[in-house]
Amino acid sequence: MKEEYRTAIEKIALSDNDKARILANVLKTCRDAAELPSGGNNASDNEADPGRPERSLRFSPKRIGAVAAAFIVLCVSVVLIRNQYITLDHEYHKDAPGSPVTMGATQEVVWEELDSVEEIASKTDCKTYTLANLNKRYKVKKVQVANAQKHVKITYQKKKRKEDKIYFEYKEEADSPEIKSQFSEEAELATEKIDGADVKMYGEKKCSAMTWEESECTFAVKMSKACSTDNARRIVSGAKEEKKEDKKDDNEEEPEKNQRLVNSNIVGWDGTEQESSAGEKKKVLKKVYDNLGFRVILNHPAVEVTYKLLGDYESFAFYYDDESLEDNWIIGYAGSSGSPEGTKSDYDEVGSIPVGNVMVQVYQRDSDEKLLVFTQEEICFTLFLDEYDDDITPDFLSSLLSIFQISFQNEPDGEEDAQPTVSPDEDSDSESDPEEGNGNDDPGPDSYKAAQELQEIVAARSLKRLAAYINYPLDITGLGITVNSRIEFMRLDARRIFTSEWVEAVLFCDIERIKPKTKSFTLGDSENSLVCRVKDGKVVVQELHVVSDDTEEADPDMDEPGEDDAWEDLGD
């Protein structure tokens, strides 16, 4: 302020006429005050009182009037100078960069509530920013805009937990005191560089708010529930501007996937990894076996799997094709003992859940940052589940654990030596097409793809989709029932078919060993299984075995359906 005052004063200038007039009035006033009053006899007064100090002035009425006139002149001069300074100061701030200084009454802030984030661009002059990296369960609850100040507030609310909210606001003003002053009494937790911006985090042990500046805007995020700094980094990194021109044209190529933020407790991953090709998968798993003596293969519903060898652990990242995880990236480790160093740091154990013979330890750092640790077939697994805030249930774990297939066998070098881990039917040759020798022109069905689709159907627990594969009539061993049509099968209670033991048995099969030309194969074990074969140029489910405690097991000898049996259309 002192520097601005000095600069403004230097710009003050009076006209020559004003200067001459003011100086003449001041000099005249001083001369009048110095003159002796008329009719006075100073000599006699001094001689009459020799001990009294000599006085040259007396405050006569005339003299007092002169002084008052001089004072008035000075006051007028000060007022003129002040008015000129205010005018110059106002012009200086108006032209200067940054926030203008408003003289007089401040501009009224008028907030308008919009129906959606999209209306920010269509109904206001403000830029549109959103938090793109929030858990998908957070939905926009309220949008408020002060258009004149270019200030936006967006409230996100969790779908099932309405008390869990995240408040996001930004103002198109650099270093906005209006936004930053909210946190003047908050404890500073840390300052981190995120996407080039210095982000200040507030909170005690966890982060409850963040502020930062970017592109001449000031941003702030406040959370009803504090989170880890990893989650805070993820949230800030997702605050991106949405521009109309950024919408992809139909002819444009698909953009590359954005880099994912990786939990700081995870080693060996930076978020840029892509799905392993078939060749990469084989190469990495061979290296894993050579170094560790085992390998872990991930089956459906694990998709887009990436395999790595990291020290004494096989590591993998994958998406879980299930609605409960909403396509979240899961990263895990498998080793002969324990978990990688540092993986459990800052996590608290919240309980253990039995899944069959496996005990799963559940750790948690935030409500949506969980860690699962368990031992399966003497192999120790550690799984990171970020952005998952639902309760961990035995059913969820049963489905998740079923994707891991552990092998202690070396892969055969020759394809002729490869034997599927699934059980082939002994009479597969007799079930083959009698014209197989002349069938080079007809490639026939792909048994591997059929097995893959059947596993997907079982994982999805879909009676409708499984019904299209069945060759009717079908005896369901274990339930003691026979179904004669697709409609009849679809009317069954899915819970009686898709028991956790049956689903696990089918999904644990190694379908990688099923060749496309295989004529007969079994998905499952001796008690829970699907027996499949090629018939009439299609892969069909010939037998279904499921263990039921409350039902007497049916006769395992099944009648072969006649060749004239109609094949139900595979379409819906």
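The figures that follow rest on heavy atoms only: side chains count, while hydrogens, waters and symmetry mates do not. What you are looking at is a predicted structure, and each value in this text was computed from that prediction instead of being measured.
Side-chain contact between Asn263 and Trp269 is absent, with no heavy atoms from C-beta onward closer than 4.5 Å. With a 4.5 Å cut-off on side-chain heavy atoms, Thr343 and Ile266 do not count as touching. At least one side-chain heavy atom of Leu479 sits less than 4.5 Å from a side-chain heavy atom of Arg496. In this structure the side chain of Ile353 never reaches within 4.5 angstrom of the side chain of Met359, judged on heavy atoms. Residues Leu492 and Val483 are in side-chain contact: their nearest non-hydrogen atoms beyond the backbone lie under 4.5 Å apart.
Remark: side-chain polar atoms of Asp525 are not paired, donor with acceptor, to backbone N or O of Ala505 under 3.5 angstrom. Side chain of Gln455 to backbone of Cys509: a donor-acceptor contact under 3.5 angstrom is found. Side-chain atoms of Ser315 come within 3.5 Å of backbone N or O of Gly332 as a donor-acceptor pair. The closest donor-acceptor contact from the side chain of Asn265 to the backbone of Ser345 lies under 3.5 Å. Distance alone, capped at 3.5 Å, is enough to place a donor-acceptor pair between the Ser276 side chain and the Tyr307 backbone. Distance alone, capped at 3.5 Å, places no donor-acceptor pair between the Trp212 side chain and the Val236 backbone. Of the possible polar contacts, one joining the Tyr472 side chain to the Ala467 backbone as a donor-acceptor pair under 3.5 Å is found. The backbone N or O of Asn231 lies less than 3.5 Å from a partner atom in the side chain of Ser228, making a donor-acceptor pair. Side chain of Ser447 to backbone of Thr518: a donor-acceptor contact under 3.5 angstrom is found. With Glu488 contributing its side chain and Arg486 its backbone, the two residues share no donor-acceptor pair below 3.5 Å.
Between Lys225 and Asp366 there is no salt bridge, since no side-chain N of the basic residue sits under 4.0 Å from a carboxylate O of the acidic one. Looking at Arg234 and Asp386, a side-chain N of the basic residue comes within less than 4.0 Å of a carboxylate O on the acidic one, giving a salt bridge. Using a 4.0 Å cut-off between a side-chain N of Lys or Arg and a carboxylate O of Asp or Glu, Glu314 and Arg295 do not qualify as a salt bridge. Taking 4.0 Å as the cut-off between side-chain N and carboxylate O, Lys517 and Asp446 do not count as a salt-bridged pair. Residues Asp536 and Lys538 are not paired through a salt bridge, judged by the lack of any N-O separation under 4.0 Å between the basic side chain and the carboxylate. With salt bridges taken as basic N to acidic carboxylate O contacts below 4.0 Å, none links Lys308 and Glu280.
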Show your working on side-chain hydrogen bond (donor to acceptor under 3.5 Å, both in side chains) between Glu241 and Thr128 and close with a plain yes or no.
-> CA-CA 6 Å; Glu241 182 179 3; Thr128 303; over 6 Å; no

Candidate pair Phe396 and Tyr388, rule ring-ring contact (aromatic ring centres under 6.0 Å, His included), full reasoning = CA-CA 12 Å; Phe396 167 77; Tyr388 184 80; 5.0 Å; yes

Please walk me through it: do Phe294 and Tyr289 pass ring-ring contact (aromatic ring centres under 6.0 Å, His included)?
-> CA-CA 5 Å; Phe294 70 90; Tyr289 179 83; 8.7 Å; no

Check the pair Trp329 / Phe318 against side chain to side chain contact (heavy atoms under 4.5 Å, CB included), numbers first and verdict last.
-> CA-CA 6 Å; Trp329 214 34; Phe318 60 97; over 6 Å; no

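Between Ile476 atom CD1 and Ile481 atom CD1 the span is 4.0 Å, to the nearest 0.5 Å. The structure places CG of Leu397 at 6.0 Å from CD1 of Ile392, a figure rounded to the nearest 0.5 Å. The NZ atom of Lys165 sits 8.0 Å away from the OG atom of Ser224 when rounded to the nearest 0.5 Å.
Using the six-membered ring where Trp is involved, Phe384 and Tyr347 have ring planes that are perpendicular, over 60° apart on the 30 and 60° scheme. Between Phe316 and Phe404, the two ring planes are tilted [angle within 30° to 60°].
Atom NZ of Lys287 is surrounded by 12 or fewer heavy atoms from other residues, nucleotides or ligands within 6.0 Å. Taking a 6.0 Å sphere around CD of Glu341, one finds it holds 12 or fewer heavy atoms contributed by other residues, nucleotides or ligands. Counting non-hydrogen atoms of other residues, nucleotides and ligands closer than 6.0 Å to CG of Asp493 gives a total above 12. Residue Asn291 places its CG atom among more than 12 non-hydrogen atoms of other residues, nucleotides or ligands, all under 6.0 Å distant.
Between the side chains of Ser399 and Tyr320, at least one donor-acceptor pair of N or O atoms lies under 3.5 Å. In summary, the side chains of Asp395 and Thr393 do not present any donor paired with an acceptor at a separation below 3.5 Å, with no hydrogens or angles considered. Side-chain contact of Glu501 with Asn528: a donor-acceptor pair under 3.5 Å is absent, judged by distance alone.
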